Participant: 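One structure, as structure tokens, below. Some questions next.
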Amino acid sequence: MRKKTIYVLATVMCMSIFTACGSTNRADAGNEVQQEVQAEDNMQKEQQAGAEGNAETEIQTESVPENTAEAVTGEEKTLNGTVDEIKDFMFIVTDDSGASYELSFDAKPQGLENVSVGDKVKVTYTGELSEVDAFSGTIVSVEKQ
């Protein structure tokens with residue numbers, strides 16, 4: 001009687017070990033694999049679409065006339081105001097109406113080295129200027145007035 005009990009308990013333990021190792025059922029495992037495959041397919045499609053978009057962009061860029069500087073660089077605009085702050089990658093100018101603009105740059109713009117905080121300046125730039133959004137353009141020059 002004791003041997004039968006030991007065999008039964010040993011069998012139950014083995015079965016529980018094998019079922020415990022497979023914590024997810026086969027349907028869940030299949031769904032996970034299917035989701036991974038779909039994610040990879042989507043990523044490949046996005047990369048192909050990006051490559052096709054780059055090809056279209058190159059075609060469009062070639063059609064821009066090269067003889068006009070305005071067509072390549074954009075329309076130059078000016079901002080008059082007072083310099084509030086200067087850092088290595090940006091400076092802040094407040095215009096006469098009290099609106100502050102943060103102008104960021106990669107390379108130090110021409111004339112910025114001659115300007116200090118509190119100076120009245122005329123900033124020539126291309127792109128869009130906004131009080132709320134980040135500056136999305138190029139600073140052509142900064143002139144002390």
Side-chain angles (χ1 to χ4, degrees), residues 6-145:
I6 291 174
Y7 286 128
V8 170
L9 288 175
T11 305
V12 170
M13 282 180 38
C14 287
M15 291 172 66
S16 66
I17 289 172
F18 290 125
T19 58
C21 289
S23 61
T24 59
N25 62 22
R26 291 184 186 257
D28 289 343
N31 287 339
E32 289 176 8
V33 171
Q34 187 177 8
Q35 289 173 354
E36 289 176 12
V37 170
Q38 285 177 344
E40 289 177 9
D41 287 344
N42 289 340
M43 192 164 42
Q44 288 176 350
K45 288 177 184 176
E46 289 175 7
Q47 289 174 349
Q48 289 175 350
E52 291 171 2
N54 289 342
E56 290 175 11
T57 304
E58 291 173 5
I59 292 169
Q60 291 173 354
T61 310
E62 292 174 1
S63 67
V64 173
E66 294 181 20
N67 58 356
T68 61
E70 188 174 323
V72 176
T73 61
E75 181 182 347
E76 289 188 358
K77 304 170 192 167
T78 59
L79 168 67
N80 294 315
T82 306
V83 176
D84 291 336
E85 185 176 350
I86 300 175
K87 293 188 178 183
D88 293 334
F89 58 93
M90 57 81 79
F91 62 99
I92 299 174
V93 175
T94 303
D95 66 6
D96 295 332
S97 66
S100 293
Y101 300 99
E102 184 177 300
L103 302 162
S104 58
F105 53 85
D106 293 327
K108 211 168 210 178
Q110 177 184 357
L112 186 61
E113 65 275 353
N114 302 327
V115 175
S116 59
V117 175
D119 288 346
K120 296 270 188 191
V121 293
K122 176 182 176 184
V123 180
T124 306
Y125 65 94
T126 61
E128 295 299 319
L129 194 60
S130 171
E131 288 182 77
V132 180
D133 296 328
F135 177 63
S136 61
T138 304
I139 302 167
V140 178
S141 66
V142 180
E143 297 175 29
K144 187 175 179 180
Q145 293 185 331

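In this text, all values refer to a predicted model and were calculated from it rather than measured experimentally.
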Participant: Does the side chain of Val121 reach to within under 4.5 Å of the side chain of Asn80, using non-hydrogen atoms?
Facilitator: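 Counting from C-beta outward, Val121 and Asn80 never come under 4.5 Å.
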
Participant: Measure up the Phe135 and Tyr125 rings against each other and bin them: parallel (under 30°), tilted (30 to 60°), perpendicular (over 60°).
Facilitator: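 Because their plane-to-plane angle is over 60°, the rings of Phe135 and Tyr125 count as perpendicular.
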
Participant: Within this structure, what is the OG1-CD distance for the pair Thr124 and Glu143, rounded to the nearest 0.5 Å?
Facilitator: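 With rounding to 0.5 Å, OG1 (Thr124) is 5.5 Å from CD (Glu143).
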
Participant: Check the pair Ile92, Val83 against side-chain contact (heavy atoms from CB on, under 4.5 Å), reporting the backbone distance first and the verdict last.
Facilitator: CA-CA 6 Å; Ile92 299 174; Val83 176; over 6 Å; no

Participant: For a quick test of reading the model, state the closest non-hydrogen atom pair linking Ser104 to Met90 and the distance between them.
Facilitator: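 Heavy-atom minimum between the residues: CA-CB, 3.8 Å.
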
Participant: Quick check: do Val93 and Thr82 have side-chain heavy atoms less than 4.5 Å from each other?
Facilitator: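 Not touching, per the 4.5 Å side-chain cut-off.
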
Participant: For the pair Lys77 (side chain) and Gly127 (backbone), establish whether a donor and an acceptor sit closer than 3.5 Å, ignoring hydrogens and angles.
Facilitator: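 Yes: the side chain of Lys77 pairs with the backbone of Gly127.
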
Participant: Counting neighbours of CD on Glu128 that are heavy atoms of other residues, nucleotides or ligands and sit closer than 6.0 Å, is the number greater than 12?
Facilitator: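 No, not enclosed.
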
Participant: Do you know which two heavy atoms are closest between Asp96 and Lys120, and how far apart they sit?
Facilitator: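 That closest heavy-atom pairing would be OD1-NZ, 4.0 Å.
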
Participant: Can you confirm whether Tyr101 sits close enough to Thr94 that some side-chain heavy atom of one is under 4.5 Å from a side-chain heavy atom of the other?
Facilitator: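 No; the side chains remain at least 4.5 Å from each other.
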
Participant: Looking only at heavy atoms, what is the nearest atom pair of Val117 and Asp84, with distance?
Facilitator: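 Taking Val117 first and Asp84 second, the nearest heavy atoms are CG1-O, 3.4 Å.
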
Participant: Go through the steps for Glu76 and Val140 under the test side-chain contact (heavy atoms from CB on, under 4.5 Å), then give the verdict.
Facilitator: CA-CA 8 Å; Glu76 289 188 358; Val140 178; 3.9 Å; yes

Participant: In Å and rounded to the nearest 0.5 Å, what is the OG1 to CD1 distance from Thr126 to Ile139?
Facilitator: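 It comes to 9.5 Å.
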
Participant: Using a 4.5 Å cut-off on heavy atoms from C-beta on, say whether the side chain of Leu103 contacts that of Leu129.
Facilitator: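 Yes, their side chains come closer than 4.5 Å.
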
Participant: Are side-chain heavy atoms of Pro109 and Phe91 found at a separation under 4.5 Å?
Facilitator: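 Counting from C-beta outward, Pro109 and Phe91 do come under 4.5 Å.
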
Participant: Just verifying a value: how many Å separate Met13 CE and Ile6 CD1, rounded to the nearest 0.5 Å?
Facilitator: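 So the CE of Met13 and the CD1 of Ile6 are separated by 11.5 Å.
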
Participant: Give a yes or no on whether the backbone of Ser116 and the side-chain of Asp119 come within a donor-acceptor separation of less than 3.5 Å.
Facilitator: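 Side chain of Asp119 to backbone of Ser116, a donor-acceptor pair under 3.5 Å: yes, one is there.
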
